[in-house]
Undergrad: 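Handing you a structure now.
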Amino acid sequence: MLEITDFRDFSISNWYDKFKHISMETIMIELPDELLKRIQADIILADDSEEESEPELQNQDSPEPLSAEFVQTFKNAMNRLNNSAFVKNNWHAPIDAKMFSFGNNLKVSNIEDVILYFTSSGVIQDDFSNIKGIPFCIALRKWISLHPAAEFRCIVINNVLRGITPRDWPTYYAHFKEEGPRIIEQLMSFYIENIKITFPRENYIFDVVFQYPDRPIVVDFGPLNSKTNLYAFSWKEIQPLMGKDVPEDLPPVFRYLETDIGIMMKADALNKFAKCHS
Ligand SMILES: Nc1ncnc2c1ncn2[C@@H]1O[C@H](COP(=O)(O)OP(=O)(O)O)[C@@H](O)[C@H]1O
Ligand SMILES: [Mg+2]
């Protein structure tokens with residue numbers, strides 16, 4: 001069960017300031033009540049409409065107008081980001097609403113896009129219904145074009161970087177074999193120089209993407225628990241490491257798919273073909 005401290009520490013509104021020099025530019029705007037209501041009304045409406053043949057459309061027809069001040073703040077933020085942004089709430093992106101976006105990429109250029117993604121995302125809805133005590137925000141992040149092979153999740157246990165996994169998993173990338181040692185080295189020093197002492201937790205994950213010319217930047221932080229998607233790793237193998245101290249300079253394991261598993265059953269093949277390098 002996540003605690004309020006988890007929600008606080010992993011909220012972008014909490015970590016961004018400390019890491020903005022190594023992250024993409026982000027502008028956070030507090031989610032106004034009328035917008036939260038509108039998103040939640042749409043949720044209720046959507047639930048209703050499954051059961052009743054005549055859903056109440058009143059909310060949708062006459063939503064409480066957004067304040068001029070908020071609309072202006074939003075526009076200014078979008079201008080600063082060249083009118084092309086990636087949107088999240090404090091914790092999550094509306095990834096599960098991707099199919100509603102033009103080009104399937106969740107790019108945002110106006111407030112209507114944000115409303116559409118937030119109302120059609122179960123992940124965002126869950127956060128807004130379950131999390132209490134932390135002001136919700138719209139985080140607009142400068143849109144960057146990134147290659148899926150350049151995205152990694154890093155697993156930190158007892159303040160030591162223990163594991164690195166591609167986020168695009170299980171996809172075979174031939175260059176990982178040759179570049180593995182360099183990826184390990186770069187992420188290890190990136191972690192030690194920029195994150196280790198600054199992030200206020202001992203066990204967590206952080207996501208990075210390598211940006212031209214080969215500099216890692218932080219995409220996100222998240223809790224490390226049984227619900228965490230560990231991609232190439234499993235919770236079963238990570239959990240026992242949590243109580244154990246290891247030398248600080250122990251290199252992390254970079255686990256990636258060694259063989260192109262093609263159309264084989266990916267789930268079956270994961271264990272067979274995943275290779276560890278450290
Ligand atoms: N600023 C951005 N521009 C373009 N794509 C992004 C940006 N930030 C994240 N993404 C893409 O969206 C994915 C999910 O983003 P992330 O912030 O990790 O969301 P979540 O925490 O919900 O998983 C990333 O893996 C990346 O591919
Ligand atoms: Mg995340």
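We count ligands from 1, going down the list as the structure has it; atoms in each ligand are counted the same way. Every value quoted in this text rests on a predicted model; they were computed, and no experiment measured them.
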Undergrad: Shortest non-hydrogen contact from Pro240 to Lys236?
TA: CD-O, 3.0 Å
Undergrad: What atoms of ligand 1 come within less than 4.0 Å of a heavy atom belonging to Val219?
TA: 17 (O), 18 (O)
Undergrad: For residues Ile124 and Ala93, report the shortest heavy-atom separation together with the two atoms involved.
TA: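 That would be CD1-C, 4.2 Å.
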Undergrad: Heavy-atom contacts under 4.0 Å between Asp220 and ligand 1: side chain, backbone, both, or neither?
TA: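 Answer for Asp220: side chain.
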Undergrad: For atom 12 (O) of ligand 1, which candidate among Trp91, Phe86, Phe10 provides the closest heavy atom?
TA: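 Checking each option, the heavy atom nearest atom 12 (O) of ligand 1 is found in Phe86.
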Undergrad: Strictly under 2.8 Å, is the Mg ion (ligand 2) approached by any N, O or S atom of Asp207?
TA: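 Of the N, O and S atoms in Asp207, none lies under 2.8 Å from the Mg ion (ligand 2), which means no.
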Undergrad: Taking 4.0 angstrom as the limit, do Lys177 and Glu258 come out as a salt bridge?
TA: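 The answer is yes: the pair qualifies as a salt bridge.
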Undergrad: For the rings on Tyr191 and Phe199, is their centre-to-centre separation under 6.0 Å?
TA: no
Undergrad: State, with a plain yes or no, whether a side-chain heavy atom of Pro32 is found less than 4.5 Å away from one of Glu69.
TA: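 Heavy-atom side-chain distance check fails, nothing below 4.5 Å.
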Undergrad: Would you mind listing which atoms of ligand 1 come within a distance below 4.0 Å of any non-hydrogen atom of Ala93?
TA: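 Counting from 1, the qualifying ligand atoms are 19 (O), 20 (P), 22 (O).
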Undergrad: Check ligand 1 against Lys88 and write out every atom of the ligand that is under 4.0 Å from a heavy-atom position of the residue.
TA: 16 (P), 17 (O), 19 (O), 20 (P), 21 (O)
Undergrad: Tell me if the aromatic rings of Phe152 and Phe176 count as close, with their centers under 6.0 Å from one another.
TA: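 When the ring centroids of Phe152 and Phe176 are compared, they turn out to be within the sub-6.0 Å range.
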Undergrad: Give the atom numbers and elements of ligand 1 that come within less than 4.0 Å of a heavy atom of Met24.
TA: 1 (N), 2 (C), 7 (C), 8 (N)
Undergrad: Give me the ring orientation class for Phe19 and Phe221: parallel if the planes are under 30° apart, tilted from 30 to 60°, perpendicular past 60°.
TA: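 Judged by the thresholds at 30° and 60°, the geometry between Phe19 and Phe221 is tilted.
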Undergrad: If you consider just the N/O/S atoms, which atom of Asp220 is the closest one to the Mg ion (ligand 2)?
TA: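 That would be atom OD2.
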Undergrad: For atom 4 (C) of ligand 1, find the nearest protein heavy atom and state the residue, atom name and distance (0.1 Å precision).
TA: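 In this structure, atom 4 (C) of ligand 1 has Ile144 O, 3.1 Å as its nearest protein heavy atom.
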Undergrad: Tell me whether the centres of the aromatic rings in Phe136 and Phe128 are closer together than 6.0 Å.
TA: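 Aromatic pair counts; centres sit under 6.0 Å.
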Undergrad: List every atom of ligand 1 that sits less than 4.0 Å from any heavy atom of Ile95, numbering the atoms from 1 in the order shown and giving each element.
TA: 14 (C)
Undergrad: Answer side chain, backbone, both or neither: which part of Val123 comes under 4.0 Å from ligand 1, heavy atoms only.
TA: neither
Undergrad: Can you find an N/O atom of Glu151 closer than 3.5 Å to an N/O atom of ligand 1?
TA: yes
Undergrad: Quick one: do Lys107 and Asp113 make a salt bridge, cutoff under 4.0 Å?
TA: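 No.
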Undergrad: Can you tell me which portion of Arg167 lies within the under-4.0 Å heavy-atom range of ligand 1? Options are side chain, backbone, both, or neither.
TA: side chain
Undergrad: Specify the protein heavy atom at minimum distance from atom 1 (N) of ligand 1: its residue, its atom name, and the distance to 0.1 Å.
TA: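 Minimum-distance protein heavy atom for atom 1 (N) of ligand 1 reads Lys142 O, 2.9 Å.
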Undergrad: Going by the order shown, which atoms of ligand 1 are within less than 4.0 Å of some heavy atom of Trp143?
TA: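 By the 4.0 Å cutoff, the relevant atoms are 3 (N), 4 (C).
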Undergrad: Flag yes if Tyr256 and Val209 sit in one hydrophobic cluster, no otherwise; membership is Ile, Leu, Val, Met, Phe, Trp, Tyr, and two members link when side-chain heavy atoms are under 4.5 Å apart.
TA: no
